[in-house]
Asks: 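Just passing along the structure, written as structure tokens.
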Amino acid sequence: MTAVQLAHLYKTFTFNRGWGRQRKQTEVTAVDHISLNVPEGQAIAFIGPNGAGKSTTIKMLTGILHPTAGTATVLGQVPWRDRRTLSRQIGVVFGQRSQLWYHLPPRDTLELLARIYDLDPQDYRKRREVLVERFGLSEFWSTPVRKLSLGQRMRAEVAASLLHSPQVVFLDEPTIGLDVLARQELRDLICEWNRQEGVTVFLTSHDTGDIERVAQRVVVINHGRIVLDAPVSQLRQQYLSEKILSVQFHTTILPFPILSGVRQLEATDYTLKLEIDTRLMPIEQVITQVLQAGSVADMAIEDPPLDAVIAHIYTQPAEERSP
Amino acid sequence: MEVKPMVIKAMSRLLNYLGLATAYIRLNWHAHLEYRGAFLSQLIAMLLNNLMWVAFWVLFFTRFPVLRGWTVQDVVTLWAIAAAGFGLAHAIYGNALQLATLITQGQLDVWMLYPRVLLPHLLLGRMNATSWGDLLFGYGVYLGFVHPDLVHFVWFVGLTTAIAALFVGFSVLTGSLSFYLGNASALSEQWRFAMLSFSTYPGTLFEGGIKLLLYTLIPAGFVAYLPIEALRSLSWIHAVWTIVGSIAVLGVGIGVFYHGLRRYESGNLMEMRG
């Protein structure tokens with residue numbers, strides 16, 4: 001069953017500049033006819049550069065903004081029309097917007113949220129216990145939010161968004177500003193919740209680690225349009241034709257020949273690191289040349305970092321994109 | 001036939017909302033008491049500020065015992081009603097004073113994610129500390145200076161509640177200008193300030209065009225004249241007009257807010273609650 005469905009979703013913002021007769025209206029397209037289906041239980045990464053339209057899309061899907069044209073449904077409901085009903089079934093975390101009370105401990109915010117969502121006191125207590133345990137909230141349960149680290153705050157933030165057992169969770173840059181360890185912890189928790197509870201996750205992030213660790217599918221948008229929609233596992237294998245070949249030799253290597261589509265990233269007496277564009281040069285031909293260069297001790301073929309893949313997608317002309 | 005279930009449903013919703021409001025008031029108190037020194041000093045400063053104005057009027061009336069038919073008791077009642085109404089409004093609905101900023105900075109987003117009617121829920125989100133000073137002053141000065149009997153006190157409570165609704169409506173109305181003007185924080189504040197200023201001078205002082213202004217653009221007439229007349233002679237007609245005026249201002253405020261909400265464009269500012 002489909003959890004989130006977008007059909008030609010379109011949103012423009014109008015800006016007025018100047019005075020009197022000089023006054024002009026400028027229309028900026030934030031989301032440009034996006035169509036997308038997200039099945040229930042899937043974790044999708046919705047990524048793109050700043051100003052690509054990610055947050056605007058999430059705001060329309062959560063009922064905050066009305067689209068200029070097009071339709072969208074979340075769990076069968078139109079978000080901007082059925083906002084209040086839908087909000088009982090979705091959870092939202094804005095990395096830059098907190099729903100925790102700054103001067104009060106997470107405990108108080110969760111109690112207030114239980115009241116806002118009209119949770120049955122017994123159900124609330126059970127759910128709270130689960131969240132406190134799974135998100136490790138007990139260590140700072142009674143500490144005012146202003147005294148928490150950013151990582152602790154985000155854990156509490158995500159836990160708060162899950163209090164009313166939502167079926168779909170929208171996470172808008174949840175790991176923004178977190179250190180490596182805190183990011184890893186939060187990713188694991190989101191992943192766990194997605195796999196064990198079957199919660200549909202709609203994630204936006206600039207962090208490729210979030211995408212790799214949490215999402216099963218990646219949708220890249222730029223200038224308000226979808227430029228790529230593919231499984232994460234296929235993204236690096238199918239999308240980018242470049243490979244990194246790292247070789248270690250037993251003996252000093254002979255000078256490596258210049259080959260079309262092959263760039264030497266690193267070369268010492270005993271090691272060689274090459275970047276190969278497989279569209280120009282088959283990898284086996286490069287390996288043949290490597291074997292002739294010296295006695296090979298070890299060899300590894302790697303994909304380039306996902307960061308580089310994403311950056312490449314953003315800069316690539318539309319006709320070259322092939323999901 | 002279906003009226004009874006509808007009434008029960010409405011009552012249940014009202015009770016639910018009152019429960020939520022109580023939870024917010026409790027939480028807002030806790031948040032303010034995290035800095036109890038600052039909170040108490042704000043509260044006391046507001047009490048003293050109001051007392052200074054009352055002292056000024058008392059001194060004035062020792063020289064001129066009657067001002068256009070009003071005695072010192074009427075002016076103290078006016079200050080008591082205006083302060084208690086304003087205080088009650090913003091002690092509970094403190095976000096009404098922040099509305100222009102919340103709209104301009106796109107901070108309505110978080111409030112729109114909850115399964116609650118937006119405006120009454122959003123207004124509960126903040127408590128204005130100095131408003132508790134106003135509220136305490138209003139009731140304190142009325143009980144301490146005017147010495148009302150029980151009937152007058154009950155009328156005072158009722159009229160104060162109506163005035164509180166008027167102040168909420170007026171704050172919502174002025175704050176909602178941000179939907180139309182972009183950043184209307186300064187304008188909203190100045191308009192509110194004009195309202196407060198006119199609300200603390202005897203309504204009998206103004207005539208003609210200004211009087212018209214005081215029942216339309218700056219509806220201070222519903223604070224500075226009608227409720228005082230109602231209390232002076234327990235006049236139902238003045239009391240009813242006070243209530244009608246308050247409901248009208250509240251209604252206009254709510255209408256302008258929801259009309260403007262269609263123009264809301266959110267934002268990306270960093271934000272924390274509390």
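It should be emphasised that the depicted structure is a prediction, and the values quoted were computed from it without experimental measurement. Every chain is numbered from 1, with letters handed out A, B, ... down the list of sequences.
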Asks: Are A:Trp101 and B:Asn28 close enough that some pair of their side-chain heavy atoms sits under 4.5 Å apart?
Replies: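 Sidechains of B:Asn28 and A:Trp101: in contact.
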Asks: What do you reckon, is CZ of A:Arg88 surrounded by more than 12 foreign heavy atoms closer than 6.0 Å?
Replies: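 Result for CZ/A:Arg88: enclosed.
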Asks: If you measure from NE2 on B:His121 to CZ on A:Arg84, what distance do you get to the nearest 0.5 Å?
Replies: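 One gets 11.0 Å once the value is rounded to the nearest 0.5 Å.
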Asks: Would you name the heavy atoms of A:Arg97 and B:Gln105 that are closest together and state the gap between them?
Replies: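 Closest heavy-atom pair between A:Arg97 and B:Gln105: NH2-O, 3.5 Å.
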Asks: Ion pair present between B:Arg26 and A:Asp108, side-chain N to carboxylate O less than 4.0 angstrom?
Replies: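 Salt bridge between B:Arg26 and A:Asp108, a charged N being under 4.0 Å from a carboxylate O: no.
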Asks: Which residues pass the salt bridge (charged side-chain N to carboxylate O under 4.0 Å, His left out) test with A:Asp210, sequence neighbours left out?
Replies: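 Partners of A:Asp210 by the salt bridge (charged side-chain N to carboxylate O under 4.0 Å, His left out) criterion, ordered by chain and then number, come out as A:Arg187.
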Asks: How about NE2 on A:His33, more than 12 heavy atoms from neighbouring residues, nucleotides or ligands closer than 6.0 Å, or not?
Replies: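 For A:His33, atom NE2 is crowded (more than 12 foreign heavy atoms under 6.0 Å).
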Asks: Whether the side chain of A:Arg83 engages the backbone of B:Met112 through a donor-acceptor N/O pair (distance < 3.5 Å, no angle test) should be reported.
Replies: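 Yes, A:Arg83 side chain to B:Met112 backbone: donor-acceptor pair under 3.5 Å.
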Asks: Based on non-hydrogen pairs under 4.5 Å, which of B:Leu27, B:Leu118, B:Leu20 is most in contact with chain A?
Replies: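 The answer is B:Leu27.
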Asks: Side chain from CB out, backbone as N, CA, C, O: work out which of these in A:Pro79 comes under 4.5 Å of a heavy atom of chain B, or both, or neither.
Replies: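 For A:Pro79, there is no contact with chain B at all, as no heavy atom is under 4.5 Å.
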Asks: Heavy-atom distance under 4.5 Å between the side chains of B:Glu34 and A:Arg146, does that happen here?
Replies: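 Answer yes - side chains close enough.
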Asks: Are B:Tyr24 and A:Ile116 side-chain neighbours, meaning at least one heavy-atom pair lies under 4.5 Å?
Replies: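 Heavy-atom side-chain distance check passes, below 4.5 Å.
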Asks: So what's closer than 4.5 Å to chain B heavy atoms on A:Thr85: side chain, backbone, both or neither?
Replies: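 Answer is neither: A:Thr85 stays 4.5 Å or more from chain B.
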Asks: Above 12 or not: heavy atoms from other molecules or residues under 6.0 Å from CD of A:Gln122?
Replies: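 Not buried by this count: 12 neighbours or fewer within 6.0 Å.
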Asks: Verify the neighbour count for atom CH2 of B:Trp29: are there more than 12 heavy atoms of other residues, nucleotides or ligands below 6.0 Å?
Replies: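 Correct, the count exceeds 12.
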Asks: Do any side-chain atoms of residues 61-71 of chain A form donor-acceptor pairs under 3.5 angstrom with protein atoms, and if so which ones, sequence neighbours left out?
Replies:
| unit_1 | atom_1 | unit_2 | atom_2 | d |
| --- | --- | --- | --- | --- |
| A:Thr62 | OG1 | A:Ile58 | O | 2.8 |
| A:Thr62 | OG1 | A:Lys59 | O | 3.3 |
| A:Thr68 | OG1 | A:Thr12 | N | 2.9 |
| A:Thr68 | OG1 | A:Thr12 | OG1 | 3.4 |

Asks: Looking only at non-hydrogen atoms, find the nearest pair between A:Ser87 and B:Leu113 and report the distance.
Replies: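 The answer is CB-O, 3.2 Å.
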